[in-house]
There are 2 protein chains.
Amino acid sequence: MHTLAEENYLKAIYKLSLIAENVSTNQIAAELATKASSVTDMLRKLADKLLINYTRYQGVSLTQTGEKVAVNIIRRHRLWEYFLVEKLHFKWDEVHEMAEEMEHISSNELIDRLDEFMGFPTRDPHGDPIPDCNGNFKTNDLKAISAVDVNTCGIISGVRDHSSSFLQYLEKQGLTIGKKITIKEIITYDNTVVLQMNNKDLQISRDVANNLLIAL
Amino acid sequence: MHTLAEENYLKAIYKLSLIAENVSTNQIAAELATKASSVTDMLRKLADKLLINYTRYQGVSLTQTGEKVAVNIIRRHRLWEYFLVEKLHFKWDEVHEMAEEMEHISSNELIDRLDEFMGFPTRDPHGDPIPDCNGNFKTNDLKAISAVDVNTCGIISGVRDHSSSFLQYLEKQGLTIGKKITIKEIITYDNTVVLQMNNKDLQISRDVANNLLIAL
DNA sequence: TTATATTTTTAGACAAGCCTAAAAAATTTA
DNA sequence: TAAATTTTTTAGGCTTGTCTAAAAATATAA
Ligand SMILES: [Mn+2]
Ligand SMILES: [Mn+2]
Ligand SMILES: [Mn+2]
Ligand SMILES: [Mn+2]
């Protein structure tokens, strides 16, 4: 249906669209670690295929078709991540690169059967919602720890940074999906956040607090 | 490690090497549904990478390295086929094309975990042996039904033709892996073979008998 | 053993996807 | 508003993997 490169561009544009309506050439280049001139080439091709809305110098947005394709790729990615963690017992910091390849396996029948095999999971190992076979999913109503008031209590439910090093750090601290925490104090000097978890205190940096999401 | 195209060429050369020591350019072209000139281009590249032994006009054979790579791709292909049939309940005639894509997922750790998850199966859904993580596997000691004597008794254990139409035909006749049959008679007029299975007689054509393998 | 047919390779071209360098457009700063 | 900076596009080129057409090598037949 679509080439691997096209799929990766659509996914990148989708991801960037969540932050700002219109996505710029340079943003896409940064996201895909490629050059702006390469992006321009691909944008023309995606526009020809009616997958994006594109006028020169004006940035891009996904068409309805383009968005459907992008959501489907995300569905595949997150289902494979779930498979790798739940069935093959990989750790949550080990699965992203493998899923980057697996998301391009083209059969939708395969993905639907995989979904059924695993019991139609709704969240991937990082807390991100898994679109169903019609592309529907609940939008995450999560807040960064750095964005809630002191004495707020919540459940760790997602991350903003998916890097191995961040995920490994969280694992080590026991800050994993599903854990219940209370924000106890924000130290004014450097915005270090003091948390309580299992009746024990824990300090995390501003950076970590920015990238760790809780459901209230 | 290797490109998708390189992997497909190595697999094709491996497959053809089972029939004849030296593999010709045209044989590879036919196997991959490509042109002889494209094959020549690729052969030079594979020779440069020391994956094949190649002298112009002399045909090719795999080096030890090349064979290792080829066997590994076959291992991946067959493990994914097993997964698709045993875990996702696809039929044996539906899995080949999907496995053609999945065999190129590069992580060996993934394949080893998949192998473990499924209990280290030794045969794929078509009866072909699955190499273990060191590349070892039992060579099939099977005979085509057309090649055994009347009154021979055996277990259906493999196929030579992997096409959907052939596999669907076998399924319909109940001629599936593991079934016990006896060769009752070969009709001299057109070499139709009369089988007995579950105390019932069944006639198959010469063509079918050529492509259906039994263990004695 | 020479002529013919087949197989294989070479030559040249093309699409996809990427690059660098330069030009054009848009934005920011003065 | 004009100049400087940044962003985006264009121009031209490279690699991979493919193709067709023609040349070269090998195999077969007379
Ligand atoms: Mn991921
Ligand atoms: Mn994820
Ligand atoms: Mn197969
Ligand atoms: Mn098979």
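When reading the values below, keep in mind they use all heavy atoms of this one structure, side chains included, and skip hydrogens, waters and symmetry mates. Each chain gets a letter, A, B and so on, in the order the sequences are listed, and its residues count up from 1.
- With distances taken from any side-chain atom of B/D41 to the nucleotides C/dC18, C/dT8, D/dC19, the minimum falls on D/dC19.
- Counting non-hydrogen atoms of neighbouring residues, nucleotides and ligands closer than 6.0 angstrom, the CG atom of B/D48 exceeds 12 such neighbours.
- Distances from the side chain of B/Y9 to the nucleotides C/dC18, C/dT9, D/dT18 place D/dT18 closest.
- Phosphate contact (OP1/OP2 of D/dT10, side-chain N/O of A/R44, threshold under 4.0 Å): present.
- A/K49 places its NZ atom 10 Å from the C1' atom of C/dA16, with the value rounded to the nearest Å.
- Here A/A36 lies in heavy-atom contact (under 4.0 Å) with a base.
- Ring orientation note: the planes of A/H96 and A/H77 are tilted relative to one another, at an angle of 30° to 60°.
- Along DNA chain C, the nucleotide closest to A/L4 and the one closest to A/Y57 are compared, and the more 5′ of them pairs with A/L4.
- B/K11 has no carboxylate O lying under 4.0 Å from a charged side-chain N of B/E7, or vice versa, which leaves the two without a salt bridge.
- For B/K49 and B/E6, the salt-bridge test passes: some basic side-chain N is under 4.0 Å from an acidic carboxylate O.
- Distances shorter than 4.0 Å separate none of the side-chain N or O atoms of A/N26 from OP1 or OP2 on D/dT6.
- When distances are taken from the side chain of A/R56 to each of D/dC19, C/dT7, D/dT9, the shortest belongs to D/dT9.
- Rounded to a whole Å, the CD atom of A/Q58 is 14 Å from the C1' atom of C/dA24.
- Per the geometry, CD belonging to A/Q27 stands 17 Å off P belonging to D/dT6, to the nearest Å.
- For A/E6 and C/dC18, the CD to P distance is 10 Å, given to the nearest whole Å.
- The residue B/T25 sits close only to the backbone: its heavy atoms come under 4.0 Å of sugar-phosphate atoms, none of a base.
- In this pair, A/F83 and A/W80 present their aromatic rings perpendicular. The plane angle is above 60°, beyond the 30 to 60° band.
- Atom CE in A/M42 sits about 10 Å away from atom P in C/dA16, given to the nearest Å.
- Atom NZ of B/K35 is separated from atom C1' of C/dT6 by 16 Å (rounded to the nearest Å).
- One can place NE2 of A/H2 at 14 Å from P of C/dA16, the figure rounded to the nearest angstrom.
- Taking only side-chain nitrogens and oxygens, B/T40 comes nearer than 4.0 Å to OP1 or OP2 of C/dT9.
- Counting atom types as modelled, A/S37 pairs a side-chain N or O with a base atom of C/dT20 as donor and acceptor under 3.5 Å.
- Rounded to whole angstrom, the span from the CG atom of B/L43 across to the P atom of C/dT7 amounts to 16 Å.
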